Amino acid sequence: MALDGLLVRLLLVMAVAAAVASGVPAPPGLAVGFYNESCPHAEEMVFAEMQEIVRKDVTLAPALLRFMLHDCFVRGCDGSIMLKSRNGTGERDSIPSYSLRGYDEIDQIKAKLEKECPLTVSCADIIVMAARDAVFLTNGPWYEVETGRRDGRVSSDYDANNDLPGPNNTIVDIKIYFSFKGLGWKDIVVLSGSHTIGRAQCITFAEDRLYNYTGRGIQDPTLNKTYAATLRQACEPGLERDTTPVEMDPSTPYTFDLGYYRDVASKKGLFTSDQTLLDDPWTREYVERMAAAESPDEYFRDYAEAMTNMGRIEVLTGDNGEIREVCTAYVD
Ligand code: HEM
């Protein structure tokens, strides 16, 4: 009897732990190795292409990682970021996506897969695989990706303008954006660590952080002063569309490591949305712990889980959606 009670409690604890760990439940139809039979070399082929792409231009690794965020947060991970609009009203025409790169590379990977397995591998899955490979190719973790997503046919700049968080957002706003997508505080703090690689253009942060903090014509007082001086040298004041790129984790801009957390912990997070992770007790604790961590192992495990969660947002599976031949088809 006592043993039965213990067993029940243990099973309950395990069930709760699994639910907490998995965050977003796995939608039916998504599975690791979905293409094992229909296109057995799909993942290897994506990886081989990504190796070439990143070898030729390492800046495409962060670009393609960011691509997954912009696909998944807007109408789910359904490849709709790729769709073109003659009227200029597609997701790719939206304000947050104007500097997004990687469209040609996703098309290039898709073309290879179409030759090997016609109409089998979705654009949505290619984006998720490419993001995983981008992380690995910059020294980040390798993790299994779930596949089986199908492609959506709707792409709207309105959705993209509304559903993507912005660099000036505080933790309160970011929690709202993420919770709408079924993601929690841990996903926020872990996925924000993606800013350990890549660049941002001055226009995305200069006004808010360097020249006109909260409209008061001052520098953000929470920004490290030495770092602010370096950023001021890079970004001209008052230049309306300053597209000068600045590396987000300047000491190791193309190495996926804990550098981001060290930056944020020392008030050198580039965006308000990075620095604001210190404003919440849970995200702050995580930032400080990762900043002091000797090994990235725990972070890498968390990252794999958080990327899996993001990859589950509003996916189309089974008979929903389609497998598009050309990812960048026109919607109108
Ligand atoms: C918390 C909310 C987030 C905000 C407000 C945000 C905002 C931004 C902005 C404004 C840029 C600069 C874009 C440019 O100037 O070209 C950027 C870059 C980037 N973001 Fe985020 N981001 C967020 C979360 C994420 C997440 C969840 C990922 C993970 C997939 C991610 C991955 C990246 C990467 C890798 C870059 C560098 C892109 C490049 O070098 O081309 N971001 N982000």
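For ligands, and for the atoms within them, numbers begin at 1 and follow the listed sequence. Quantities reported herein were computed from a predicted structural model and do not represent experimental measurements.
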Give a yes/no on ligand 1: does [X] have at least one heavy atom closer than 4.0 angstrom to it?
X	result
Met307	no
Asn169	no
His195	yes

Point to revise | Candidates Phe180, Phe178, Tyr177 - the one meeting ring pair (Phe, Tyr, Trp, His ring centres under 6.0 Å) with Phe73 | key: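 That would be Phe178; it is the only one of Phe180, Phe178, Tyr177 passing the ring pair (Phe, Tyr, Trp, His ring centres under 6.0 Å) with Phe73.
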
Practice item. Check the pair Trp142 / Phe300 against side-chain contact (heavy atoms from CB on, under 4.5 Å), numbers first and verdict last. Key: CA-CA 9 Å; Trp142 176 262; Phe300 283 5; over 6 Å; no

Return the residue, atom name and 0.1 Å-rounded distance of the protein heavy atom closest to [atom].
atom	result
atom 12 (C) of ligand 1	Ala200 CB, 3.6 Å
atom 25 (C) of ligand 1	Leu69 CD2, 3.5 Å
atom 15 (O) of ligand 1	Gln201 N, 2.8 Å
atom 41 (O) of ligand 1	Ala63 CA, 3.6 Å
atom 16 (O) of ligand 1	Ser99 OG, 2.7 Å
atom 34 (C) of ligand 1	Arg66 CB, 3.7 Å
atom 30 (C) of ligand 1	Leu65 O, 3.5 Å
atom 11 (C) of ligand 1	Phe271 CZ, 3.5 Å

Which of the numbered atoms in ligand 1 are below 4.0 angstrom from a heavy atom of [X]?
X	value
Gly166	5 (C)
Thr204	10 (C), 15 (O)
Met248	18 (C), 19 (C), 36 (C), 37 (C)
Ser194	28 (C), 29 (C), 30 (C), 31 (C), 32 (C), 35 (C)

Review point. Mind checking whether Arg199 has an N or O less than 3.5 Å away from an N or O of ligand 1?
Key: yes

Practice item. Report yes if Thr59 has an N/O atom closer than 3.5 Å to an N/O atom of ligand 1; otherwise report no. Key: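 Among all N and O atoms of Thr59, none is under 3.5 Å from an N or O of ligand 1.
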
Review point. Hey, does Leu183 have a side-chain heavy atom less than 4.5 Å from the side chain of Ile188?
Key: no

Point to revise | Asn139 side chain reached by Thr252 side chain, heavy atoms, under 4.5 Å | key: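 When only atoms from C-beta onward are counted, Asn139 and Thr252 do not touch, as no gap falls below 4.5 Å.
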
Check ion pair [X]-[Y] (N to O, under 4.0 angstrom):
X	Y	result
Arg132	Glu43	yes
Arg75	Glu91	no
Lys175	Asp280	yes

Practice item. Enter the distance from Asn224:CG to Ser266:OG here, rounded to the nearest 0.5 Å. Key: 6.5 Å

Review point. Rounded to the nearest 0.5 Å, what separation is found between the CD1 atom of Ile81 and the CG atom of Leu100?
Key: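 If we round to the nearest 0.5 Å, Ile81:CD1 and Leu100:CG are 5.5 Å apart.
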
Review point. What do you reckon, is OH of Tyr98 surrounded by more than 12 foreign heavy atoms closer than 6.0 Å?
Key: yes

Review point. Is atom CD1 of Ile218 surrounded by more than 12 heavy atoms (other residues, nucleotides or ligands) closer than 6.0 Å?
Key: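 Enclosed: over 12 neighbouring heavy atoms sit under 6.0 Å from CD1 of Ile218.
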
Check your understanding: So between Gly193, Ala61, Ser192, Ala306, whose heavy atom ends up nearest atom 1 (C) of ligand 1?
Key ->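 Nearest option to atom 1 (C) of ligand 1, by heavy atoms: Ser192.
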
**Study point:** Met310 and ligand 1 - part of the residue with a heavy-atom distance under 4.0 Å
**Key:**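 Side chain only.
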
Practice item. Could you tell me whether Pro165 approaches ligand 1 through its side chain, its backbone, both or neither, with non-hydrogen atoms closer than 4.0 Å? Key: both

Check your understanding: Is the Phe136 to Phe256 ring centre distance short of 6.0 Å?
Key -> no

